[in-house]
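All chains are named by letter (A, B, ...) in the order of the sequence lines, taking the proteins before the strands, and each is independently numbered beginning at 1. Since the model is a prediction, treat every value here as computed from it, not as a measurement.
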There are 2 protein chains.
Amino acid sequence: MRAAADTKTRILDTAERLFAEHGYAPTSLRKVIAEAGVNLAAVHYHFHSKQDLLEAVVVRRAAPVNRERLEMLARCEREAGGKPPPVEKILEAFLAPAFRLARECTEGGAAFARLMGRLHAENDALPRILKNNFGPVLTAFHSALHRALPEVPKEELFWRMYFAVGAMAHTLRGDQGLEFISNGACPTPDWQTTLRRLIDFLSAGFCAPVKVRRKRK
Amino acid sequence: MRAAADTKTRILDTAERLFAEHGYAPTSLRKVIAEAGVNLAAVHYHFHSKQDLLEAVVVRRAAPVNRERLEMLARCEREAGGKPPPVEKILEAFLAPAFRLARECTEGGAAFARLMGRLHAENDALPRILKNNFGPVLTAFHSALHRALPEVPKEELFWRMYFAVGAMAHTLRGDQGLEFISNGACPTPDWQTTLRRLIDFLSAGFCAPVKVRRKRK
DNA sequence: GTCTATAACTTGATAGAC
DNA sequence: GTCTATCAAGTTATAGAC
């Protein structure tokens, strides 16, 4: 169990870390194999191409995270008993799994979360993978949020989710962003505090009064 | 004035567009010169290196945008006469120049805004350029927001700006993101409407009650 | 499954003629 | 300022031995 990981896993782990750290395009397979201590041909044997390696890296983590999101959503809807759960709880169900993975896991998880934050911007590569993995999740959360906020038009709600995803991805990327904005004055706290801050911020945004006039049919 | 642009400008324009469309790393200089219709050596003559070309692309647009941000901020502070201006106005001063560049300019501006959205994620390359261009702006806006929201601790305010920048960058990137989230059901409106929605969303976030306990000194 | 060797190509950068 | 020609190094990917 704790023995040295096999070749395939070592490649996945290393690629995950390097893609997260430097981005997909600038990370060559040779850098990956050098750090993973495997042979170049092994990458092509196990993953066929660099692009497919990226997809393998993504699906390995995305599936559990999205499953947990839906589970947390279902749980908080159950606890609310009939009524729609509070917006904070819905947002927590969406955000917490990703943040925990990002900041709590000992090894690979942290890198992956940064990678996802990156890919939201560098995603030319994997449209259908994202669509398959995240599409149903986004639909489920849009529906939950719509029930919690019936006064917000569906279209506006999509936009608010879009803004929220941007804030989340930016935060998950977790590079020197905040130190930069705050000019170094702002220490990075534990992930629970960051998550708490983000949920408070976004909840208020979702509950904001709607001022944009609805387009007539 | 409307004559064919000179070599240097053509390179800048083309690089801006391609960097925005595909990212910095995957865009080779040869793709740039092919579309710009210039010689490869001209790039190195005018810009020395690919990295310096990117910096030139960034500074050309960032400087005017940031100047306009500070002007709008100063104007709305003047109009508020002594009192701090409303949060919406401060946010508008920060967001509107970037959005107008993104969605109104006929040619290059739109590409640049997408590029900036991208670089917020792919920015390993240009830390000091961003620092020089955006540092003072962020400081000014943090200070303005602090005066408008004295009950929000400075540290929390930095985080909220961080979230807001993430949402802005994500929105400016403006790829198929929303169509993706909404599964194609959500048409992309004009930029003023998007800006209005974003300001409403972020204003509420900035004004949210502070729940995270302040750390003791 | 893992290796070596190498094909086939692209990259950023430069030297030097004009 | 702009060109051609080219370098040196990097890239993904594959063929074939073990």
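If you take NE2 of B/His22 and C1' of C/dT10, they are 16 Å apart, rounded to a whole angstrom. The interatomic distance linking B/Lys31 (NZ) with D/dT11 (C1') rounds to 12 Å, in whole Å. Going from atom CD1 of A/Ile33 over to atom C1' of C/dG1 covers 16 Å, rounded to whole Å. A straight line from CG of B/Leu29 to P of D/dC3 spans 15 Å, rounded to a whole angstrom. Atom CD in B/Gln51 sits roughly 16 Å away from atom C1' in C/dT11 (whole-Å rounding).
Partners of B/Val152 under the side-chain contact (heavy atoms from CB on, under 4.5 Å) rule, at least two apart in sequence or in another chain, are B/Leu149, B/Glu156, B/Leu157, B/Arg160, B/Val210. A search for ring pair (Phe, Tyr, Trp, His ring centres under 6.0 Å) contacts involving A/Phe141 returns A/Phe94, not counting sequence neighbours. Considering only residues two or more places apart in sequence or on other chains, B/Ala144 meets the side-chain contact (heavy atoms from CB on, under 4.5 Å) condition with B/Leu73, B/Glu77, B/Ile90, B/Arg147. Applying the side-chain contact (heavy atoms from CB on, under 4.5 Å) rule to B/Ala15 yields the partners B/Phe19, B/Val32, B/Leu53, B/Val57; only residues at least two apart in sequence or on another chain are considered. Shown here are the side chain to side chain donor-acceptor pair (under 3.5 Å) partners of B/Thr9, two or more places apart in sequence or in another chain: B/Asp6. Remark: B/His142 pairs with B/Phe158 by the ring pair (Phe, Tyr, Trp, His ring centres under 6.0 Å) rule, at least two apart or across chains.
For D/dG1, neither phosphate oxygen OP1 nor OP2 lies less than 4.0 angstrom from any side-chain nitrogen or oxygen of B/Thr7. Under 4.0 angstrom from either OP1 or OP2 of D/dG10 there lies no side-chain N or O belonging to A/Ser28.
Near DNA chain D, meaning a heavy atom under 4.0 Å from it, residues 42-50 of chain A has A/His44, A/Ser49, A/Lys50 in order of number.
For residues 31-42 of chain A, every residue pair satisfying the salt bridge (Lys or Arg N to Asp or Glu O under 4.0 Å) rule, not counting sequence neighbours, is listed here: A/Arg17-A/Glu35.
A/Lys50 NZ: more than 12 foreign heavy atoms inside a 6.0 Å radius.
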What are the atom names and distances for every N/O pair under 3.5 Å that joins the protein to nucleotides 4-6 of chain D?
{"residue": "D/dT4", "atom": "OP2", "partner": "B/Asn39", "partner atom": "ND2", "Å": "3.0"}

